[in-house]
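First listed ligand is number 1; within each ligand, the first listed atom is number 1.
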Amino acid sequence: MPEIIDGNLIAKQIHAELKAKLEKFGGKRKPCVAFIRVGEDPASVSYVKKKARVAQEIGIDSRLHLLPESVSQGELENIIDTLNADDCVDAILIQAPLPKHLSEREAFNRVRPDKDVDGFSCANLGLLCQEDSSAFVACTPAGILEMIKRSGVETSGKRAVIIGRSIIVGKPLALLLSKRGVDATVTVCHSKSENLGQVCSQADILIAAVGRPATVTADMVKEGACVIDVGINRVPCASTKTGYKLVGDVDFEQVAPKCGKITPVPGGVGPMTVAMLMKNTVAAYERHMPESASK
Ligand code: NAD
């Protein structure tokens, strides 16, 4: 049977490391992350709650700015500008997706790069491209690399195939896995890729970030590969209270027996994303309060 990479366990280790680090700081104030949430999308409500709860456990303050679904781009940017100028705010997170009438790209780029703990601004994506270690790296790709490293998966010279080319997952992950020191040979696939199964079957590390259940089937997976499932999909399920359950993009039952290591959904990449947000927030605080951090 494959090794199940336990994202909850690794995330808890990271939380404990961050908490211990913060306890040593003698700062005049705690780190602070500001969440901006627009509307009442149930998934966004639950993600922001979870992030705020973990922040509190670690010793990070959080603020929630709730904006109505009808908010204009200008009003949203005014809030971002206010938070950019607030010396007590280290980190700003705009919970995606935003309603269709708003430009996510403009909002992400409006966040001051040293507070952009999501790493979606062109400034931080550019720094990542330049392999500059001061870049805030998007939390999901950073979490995937961290769990790969902490699980002892070899990356150097190995073939990594990423399914999905989004700014949130696929693109920054391709940069991370191919950078010096990680040294994987990376292929990015997407909705127009031909022979997807054949390309995937050559991967030592296969990462699925599509948003469609059972995109990865057993015939697409090389024997002994490490499979990372980023997808979060709600599928109907009569035996749960909610009437649905969460599954990833990988047909776990069929694929797992072929893998060396595999992540579950839930409990795989999701908790790592939150852990990396906390890590980036602490790093932003260290930049803003260097005298506290060095105590
Ligand atoms: P997206 O919709 O922006 O991108 C999906 C990508 O999949 C696109 O690049 C598209 O070209 C590709 N694609 C679509 N159909 C395909 C097909 N048939 N074959 C090959 N490629 C195909 O989505 P995203 O924001 O990157 O998220 C992807 C999934 O990951 C979603 O389920 C999302 O909920 C999940 N996600 C999870 C976390 C986490 O923390 N676990 C974080 C971010 C996203």
Self-check item: Short side-chain donor-acceptor distance under 3.5 Å, S121 and N109
Solution: no

Practice problem: Would you kindly specify which portion of T273 sits under 4.0 Å from ligand 1, judged on non-hydrogen atoms: side chain, backbone, both or neither? | Solution: side chain

Quiz item: Should I232 be counted as touching ligand 1, given the test is an N or O pair under 3.5 Å?
Solution: yes

Quiz item: Considering distance alone, does some N or O of R165 sit under 3.5 Å from an N or O of ligand 1?
Solution: yes

Quiz item: Of the protein's non-hydrogen atoms, which lies at the shortest distance from atom 29 (C) of ligand 1, and what is that distance?
Solution: G211 N, 3.7 Å

Self-check item: For atom 2 (O) of ligand 1, the protein heavy atom that lies nearest, with its residue and separation
Solution: V210 O, 4.3 Å

Practice problem: State whether a side-chain donor-acceptor pair under 3.5 Å links S72 with E75. | Solution: yes

Quiz item: Does S193 reach ligand 1, in the sense of a heavy atom lying below 4.0 Å from it?
Solution: no

Quiz item: Which protein heavy atom lies closest to atom 44 (C) of ligand 1, and at what distance to 0.1 Å?
Solution: V169 CG2, 4.0 Å

Quiz item: Of all the heavy atoms in A209, does at least one lie under 4.0 Å from an atom in ligand 1?
Solution: yes

Quiz item: Which option out of S166, S191, G164 puts a heavy atom nearest to atom 24 (P) of ligand 1?
Solution: S166

Quiz item: Measuring to protein heavy atoms, does anything land under 4.0 Å from atom 13 (N) of ligand 1?
Solution: yes

Practice problem: Check ligand 1 against G270 and write out every atom of the ligand that is under 4.0 Å from a heavy-atom position of the residue. | Solution: 40 (O), 41 (N)

Quiz item: Within a radius of less than 6.0 Å around CG of D132, do more than 12 heavy atoms belonging to other residues, nucleotides or ligands occur?
Solution: yes

Quiz item: Does R53 make a cation-pi contact with F35, if we ask for NZ or CZ under 6.0 Å from the ring centre and within 45° of the axis?
Solution: no

Quiz item: Do D251 side-chain atoms and T217 backbone N/O form a donor-acceptor pair below 3.5 Å?
Solution: no

Quiz item: Any idea which protein heavy atom is nearest atom 36 (N) of ligand 1, and the distance to it?
Solution: V230 O, 3.6 Å

Quiz item: Within the distance-only criterion (no hydrogens, no angle test), does the side chain of K261 pair as donor or acceptor with the backbone N or O of S151 below 3.5 angstrom?
Solution: yes

Practice problem: Mind jotting down which residue pairs meet the ring pair (Phe, Tyr, Trp, His ring centres under 6.0 Å) criterion with at least one end in residues 99-127? Sequence neighbours excluded, please. | Solution: F108-F120

Practice problem: Indicate, as side chain, backbone, both or neither, the part of R212 found under 4.0 angstrom from ligand 1 when only non-hydrogen atoms are considered. | Solution: side chain

Exercise. Of the side chain and backbone of I163, name the one, both, or neither that has a heavy atom under 4.0 Å from an atom of ligand 1.
Key: side chain

Self-check item: atom 42 (C) of ligand 1: nearest protein contact (heavy atom, Å)
Solution: T140 OG1, 3.1 Å

Quiz item: Is it true that the side chains of E77 and Q73 contain a donor and an acceptor less than 3.5 Å apart?
Solution: yes

Quiz prompt | Top protein contact for atom 21 (N) of ligand 1, by heavy-atom distance | solution = H190 C, 3.1 Å

Quiz prompt | D249 side chain vs T215 backbone, donor-acceptor pair below 3.5 Å | solution = no

Self-check item: Q95 side chain to R37 side chain, donor-acceptor N/O pair below 3.5 angstrom
Solution: no

